[in-house]
Engineer: 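My questions will all concern the structure given below.
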Amino acid sequence: MLEAIRTLIERDGADGFSIAEACRIAGVSTAAPYKHFSDRGDMLRGVALLAMERLYEAMKQAADAHPPGTTERIAALGQSYIDFARAEPGTFRLMFGLSEDHADDAELTHQGDLANALVERVVADHLGIDPTSDEARLRAYALWCFVHGHSFLSIDGKLKDHDIPEAALLTLVGQAMLPDRR
């Protein structure tokens, strides 16, 4: 059911999808979702939570594919975030819209904290410092601000008139924020 909703969110947006159409796609009755979800908002929350888990796994795999202390690892981490936003722009928007509406939701907060801790850990590994240090946290936040902003500029179509060599841009930002240890 959540996959059907995600598909419709990508097509129609979080506010525009029909639960009845999602039920048809999922092959269930229109009453079936309410056995698992209290309402439409709870269904959207479920889609966002699964998306946050997928994003975390994509980021982790991207980082793990490169050795610690390399700009390639930092760039790959950022690229995975941008790629996710491009692949699922409606869901990406939903994730960040819901996090505002559900600030007290322990599961959503936990999943967001996992992704943040991953970036802090990759930054700390790169610099050879404690991931809970102020420096690791500050540099991780700066990197996240960049890729998050770039992701939204990209999915909102704001880069159409610019020929941005994205791999070079990510390398530049990675090198500027985190000197290479090699």
Side-chain angles (χ1 to χ4, degrees), residues 6 10 45-182:
R6 187 194 67 75
E10 292 306 324
R45 179 192 168 279
V47 170
L49 189 58
L50 289 175
M52 292 172 81
E53 291 170 4
R54 284 193 313 280
L55 176 57
Y56 171 82
E57 286 303 319
M59 291 168 58
K60 185 173 181 334
Q61 286 179 5
D64 289 348
H66 301 278
T70 62
T71 302
E72 293 84 5
R73 187 176 195 210
I74 300 300
L77 182 65
Q79 189 67 61
S80 68
Y81 191 92
I82 295 163
D83 290 347
F84 183 90
R86 284 189 183 129
E88 299 185 39
T91 305
F92 187 77
R93 285 185 180 93
L94 171 69
M95 288 165 44
F96 292 99
L98 270 188
S99 59
E100 292 172 10
D101 297 339
H102 292 81
D104 60 342
D105 187 309
E107 278 186 290
L108 288 173
T109 299
H110 174 71
Q111 199 61 45
D113 289 346
L114 284 176
N116 187 58
L118 173 63
V119 177
E120 289 173 355
R121 207 166 39 253
V122 168
V123 166
D125 287 349
H126 189 92
L127 298 172
I129 61 176
D130 181 349
T132 62
S133 71
D134 289 344
E135 183 176 4
R137 293 176 68 231
L138 180 64
R139 288 177 187 257
Y141 179 75
L143 288 170
W144 179 68
C145 287
F146 171 79
V147 296
H148 188 72
H150 181 72
S151 294
F152 270 105
L153 288 170
S154 179
I155 66 175
D156 288 344
K158 305 296 184 195
L159 303 176
K160 287 180 184 173
D161 296 332
H162 304 283
D163 186 18
I164 304 292
E166 195 164 76
L169 181 64
L170 288 167
T171 299
L172 174 72
V173 171
Q175 288 171 341
M177 291 302 305
L178 303 168
D180 210 337
R181 287 192 343 209
R182 285 191 279 180

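If you read the sequence from its start, that first residue is 1, and numbering goes on from there.
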Engineer: Provide the closest heavy-atom pair for Ala136 versus Pro131 in the form atom of the first, atom of the second, distance.
Structural biologist: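 Closest heavy-atom pair between Ala136 and Pro131: CB-O, 3.7 Å.
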Engineer: Is there a side-chain contact between Val147 and Leu170 in this structure, where contact means two heavy atoms from C-beta onward sitting under 4.5 Å apart?
Structural biologist: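 Answer yes - side chains close enough.
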Engineer: Which pair of non-hydrogen atoms, one from Ala48 and one from Met95, has the smallest distance, and what is that distance?
Structural biologist: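 Looks like O-CG, 4.0 Å.
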Engineer: For the backbone of Lys158 and the side chain of Asp156, can you confirm whether one donor and one acceptor N or O come within less than 3.5 Å of each other?
Structural biologist: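 Here the side-chain-to-backbone pair does not exist.
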Engineer: Supply the atom-to-atom distance Met52 CE to Asp113 CG, rounded to the nearest 0.5 angstrom.
Structural biologist: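 Those atoms lie 8.5 Å apart.
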Engineer: Shortest non-hydrogen contact from Ile155 to Ala85?
Structural biologist: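 Heavy atoms only, the tightest pair is CG2-O, 3.3 Å.
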Engineer: Please confirm whether the ring centroid of Phe92 lies under 6.0 Å from the ring centroid of His148.
Structural biologist: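 Close enough - the centres of the two rings lie under 6.0 Å apart.
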Engineer: Give, for atom CZ of Arg86 and atom OG of Ser151, the distance between the pair rounded to the nearest 0.5 Å.
Structural biologist: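 So the gap between those two atoms works out to 7.5 Å.
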Engineer: Indicate the atoms forming the closest heavy-atom contact of Gly174 with Ile74, along with that distance.
Structural biologist: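 The answer is CA-CG2, 3.9 Å.
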Engineer: Between His126 (side chain) and Leu178 (backbone), is there a donor-acceptor pair under 3.5 Å?
Structural biologist: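 At least one qualifying donor-acceptor pair exists.
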Engineer: Within this structure, what is the CD1-CD distance for the pair Ile82 and Glu166, rounded to the nearest 0.5 Å?
Structural biologist: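 These two atoms lie 4.5 Å from each other.
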Engineer: Give the ring-plane orientation class for Trp144 versus Tyr81, where under 30° counts as parallel, over 60° as perpendicular and anything between as tilted.
Structural biologist: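 Rings of Trp144 and Tyr81: perpendicular, as their planes differ by over 60°.
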Engineer: Contact between Val123 and Met177 at the side-chain level, heavy atoms closer than 4.5 Å - yes or no?
Structural biologist: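 A side-chain contact is absent here, since even the closest heavy-atom pair is not under 4.5 Å.
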Engineer: Once you round to the nearest 0.5 Å, how far does CD of Gln111 lie from CG of Asp105?
Structural biologist: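 That separation rounds to 11.0 Å.
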Engineer: Which distance, rounded to the nearest 0.5 Å, do you find between the NE2 of His66 and the OG1 of Thr71?
Structural biologist: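 Going from the NE2 atom of His66 to the OG1 atom of Thr71 covers 11.0 Å.
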Engineer: Can any side-chain N or O of Glu10 pair as donor or acceptor with the backbone N or O of Thr91 at less than 3.5 Å?
Structural biologist: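 Answer holds: yes.
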Engineer: For the pair Phe152 and Arg93, evaluate side-chain contact (heavy atoms from CB on, under 4.5 Å) and give the outcome as yes or no after the intermediate values.
Structural biologist: CA-CA 9 Å; Phe152 270 105; Arg93 285 185 180 93; 3.8 Å; yes
Engineer: Does Ala63 offer a backbone N or O that forms a donor-acceptor pair with the side chain of Arg73 under 3.5 Å?
Structural biologist: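 Checking the backbone N and O of Ala63 against the side chain of Arg73, a donor-acceptor pair under 3.5 Å is found.
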Engineer: For Ser154 and His150, indicate whether the former's side chain and the latter's backbone hold a donor-acceptor pair under 3.5 Å.
Structural biologist: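 Flag not set: sc Ser154 to bb His150 has no pair under 3.5 Å.
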Engineer: From Glu72 CD over to Leu77 CG, what is the distance, rounded to the nearest 0.5 angstrom?
Structural biologist: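 Rounded to the nearest 0.5 Å, the CD-CG separation comes out at 13.5 Å.
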Engineer: Of the non-hydrogen atoms in Arg6 and Val47, which two are nearest, and what is the gap between them?
Structural biologist: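 The pair with the smallest heavy-atom distance is CB-CG1, 4.0 Å.
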Engineer: Identify the heavy atoms of Leu127 and Arg139 that sit nearest to each other, and give their distance.
Structural biologist: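 Closest pair (atom of Leu127, atom of Arg139, distance): CD1-CD, 3.5 Å.
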